[in-house]
2 protein chains.
Amino acid sequence: MTDFLAQRDSWSTANCSIARALEVVGNRTTLLLLREASFGTRRFDDFARRVGVSEPVAAARLKQLVADGLLDRRPYREPGQRTRDEYVLTAKGRDLLPVLVALRQWGDAYAADEVGPSVLVTHHDCGADVRARLRCDAGHDVPADELAVLPGPGLRPS
Amino acid sequence: MTDFLAQRDSWSTANCSIARALEVVGNRTTLLLLREASFGTRRFDDFARRVGVSEPVAAARLKQLVADGLLDRRPYREPGQRTRDEYVLTAKGRDLLPVLVALRQWGDAYAADEVGPSVLVTHHDCGADVRARLRCDAGHDVPADELAVLPGPGLRPS
DNA sequence: TAGCTGGCTTTTGTTTCCCTAAGTCAGCGC
DNA sequence: GCGCTGACTTAGGGAAACAAAAGCCAGCTA
């Protein structure tokens with residue numbers, strides 16, 4: 001980490017994966033729409049109402065999420081209803097679930113109601129609470145102070 | 001999940017932990033400043049330059065992060081230099097690391113350079129890559145399709 | 001004590017995000 | 001074929017976030 005920090009100024013943040021991810025989801029409304037999609041919401045006006053956002057904004061953000069490949073838009077038909085479009089998470093969108101779980105976990109710990117969180121996320125198979133944990137590929141749980149940051153192959157001089 | 005969705009409209013998102021977390025960190029610059037803090041950056045102008053943000057914005061966001069308890073501001077002194085203030089992560093701020101790791105992971109997978117990510121996060125003790133994983137308290141790894149969402153104690157009627 | 005440097009603040013202007021209110025359009029039920 | 005409903009789009013405007021440029025101030029160094 002010390003070595004890393006010493007050469008920290010030799011490269012730019014142009015290739016930072018966090019910054020790039022935030023260009024796609026770095027905005028409140030987008031993440032809340034993904035929350036709703038993960039809850040199973042599919043219809044346009046449900047998204048707008050449940051997220052608490054106006055229709056023009058919901059339309060613009062949903063369109064962008066489809067363009068970015070996080071949501072899939074496809075026609076569906078309920079009996080006795082006309083054909084509609086629904087929005088469902090793609091694999092790319094589902095892969096953001098750890099971000100949402102980690103945010104919820106932090107919010108539960110530091111910004112929740114006194115009575116507790118409004119939503120519980122559990123493991124469907126066993127009923128236990130689900131958390132986002134840092135683990136290394138060798139299988140260890142990794143506390144924050146055991147993280148090391150190193151320059152990677154995509155490092156660019158600034 | 002189906003039961004949950006059926007009653008989804010009976011409560012509001014006023015007590016959503018994700019929304020509350022996003023009121024603190026739901027903005028690109030704030031998360032990038034926390035990224036820098038997690039890399040070990042401490043000085044004001046290093047934050048501004050490395051995040052790529054103007055000084056007024058860096059000053060405002062850092063002040064807010066201190067007010068929110070994610071960063072601690074304290075005086076320090078390098079030999080031969082005058083006293084300065086530095087910004088270091090608090091426990092509350094460190095608890096956001098899973099969010100940053102999850103974002104980086106997603107960015108590495110879907111938005112990284114062809115040559116690879118610019119930064120590697122590893123376990124200091126064993127050198128293996130670190131990831132944010134969903135795990136339940138019973139110890140199982142939880143894939144996205146095994147998540148269940150249930151109403152919690154802080155649920156509010158809308 | 002005069003200058004230099006780090007760490008901000010002030011000013012001004014632009015862009016992005018979001019709102020409300022109203023309008024459009026397609027298709028099903030009647 | 002007429003209205004209704006769901007799914008948007010258009011128009012107009014306010015607030016927040018950001019940038020560039022410049023100024024201020026404290027405390028070392030000389």
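All chains are named by letter (A, B, ...) in the order of the sequence lines, taking the proteins before the strands, and each is independently numbered beginning at 1.
Note: CG (B:Leu33) to C1' (D:dA17) measures 13 Å, nearest angstrom. When the P atom of C:dC8 is taken as reference, atom CG of B:Asp46 falls 12 Å away, rounded to whole Å. The nearest whole Å value for the distance from the CD atom in B:Glu23 to the P atom in D:dA16 is 13 Å. The interatomic distance linking B:Leu65 (CG) with C:dC8 (P) rounds to 13 Å, in whole Å. In this structure, the CG atom of A:Leu62 is 12 Å from the P atom of C:dC18, given to the nearest Å. Following rounding to the nearest Å, B:Asp85 (CG) and C:dT9 (P) show an atom-to-atom distance of 11 Å. Between B:Arg42 atom CZ and C:dG7 atom C1' the separation is 17 Å, expressed in whole Å. Following rounding to the nearest Å, B:Arg84 (CZ) and C:dC8 (P) show an atom-to-atom distance of 11 Å.
Between C:dC17 and A:Thr29, no contact under 4.0 Å exists linking OP1 or OP2 to a side-chain N or O. One finds a side-chain N or O of A:Arg73 lying less than 4.0 angstrom from the OP1 or OP2 phosphate oxygen of D:dC8. Put simply, B:Arg43 has a side-chain N or O that comes within less than 4.0 Å of OP1 or OP2 on C:dG7. OP1 and OP2 of C:dC17 both lie 4.0 Å or more from every side-chain N or O belonging to B:Asn27.
Of the candidates D:dA21, D:dT10, C:dC18, D:dA21 carries the atom nearest the B:Pro56 side chain, counting heavy atoms from C-beta on. Distances from the side chain of B:Arg61 to the nucleotides C:dG6, D:dC18, D:dA22 place D:dC18 closest. For B:Asp45, the side-chain atoms get nearest to C:dG7 when compared with the rest of C:dG7, D:dT10, C:dC17. The nucleotide whose nearest atom lies closest to any side-chain atom of A:Lys63 is, among D:dT9, C:dT9, D:dC18, D:dT9. Of the listed nucleotides (D:dC18, D:dA20, D:dC8), D:dC18 has the atom at the smallest distance from the side chain of B:Val53. When the nucleotides D:dA22, C:dT10, D:dG6 are ranked by their closest atom to the side chain of B:Glu55, D:dA22 comes out on top. When the nucleotides C:dC19, D:dT10, C:dA22 are ranked by their closest atom to the side chain of A:Val57, C:dC19 comes out on top. Taking every side-chain heavy atom of B:Ala59 into account, C:dC8 is the closest of C:dC18, D:dC8, C:dC8. For A:Phe44, taking side-chain heavy atoms from C-beta onward, the closest of the listed nucleotides C:dC18, D:dC8, C:dT20 is D:dC8.
Here B:Tyr110 pairs with B:Trp106 under the ring pair (Phe, Tyr, Trp, His ring centres under 6.0 Å) rule; sequence neighbours left out.
For B:Arg42, the CZ atom counts as loosely surrounded, since its 6.0 Å shell holds 12 or fewer non-hydrogen atoms of other residues, nucleotides or ligands.
Between B:Asp95 and B:Lys92 no salt bridge is recorded (no basic side-chain N to carboxylate O distance below 4.0 Å). With respect to the salt-bridge test (charged N to carboxylate O, under 4.0 angstrom), the residues B:Arg74 and B:Asp85 do not qualify.
Counting any heavy atom pair closer than 4.0 Å across all strands shown, B:Tyr87 reaches sugar-phosphate atoms only and no base atom.
Residues B:Val24 and B:Val66 fall within the same hydrophobic cluster, defined by Ile, Leu, Val, Met, Phe, Trp and Tyr side chains chained together at heavy-atom separations under 4.5 Å.
Between the A:Arg20 side chain and the B:Ala111 main chain, a donor and an acceptor come within less than 3.5 Å of each other.
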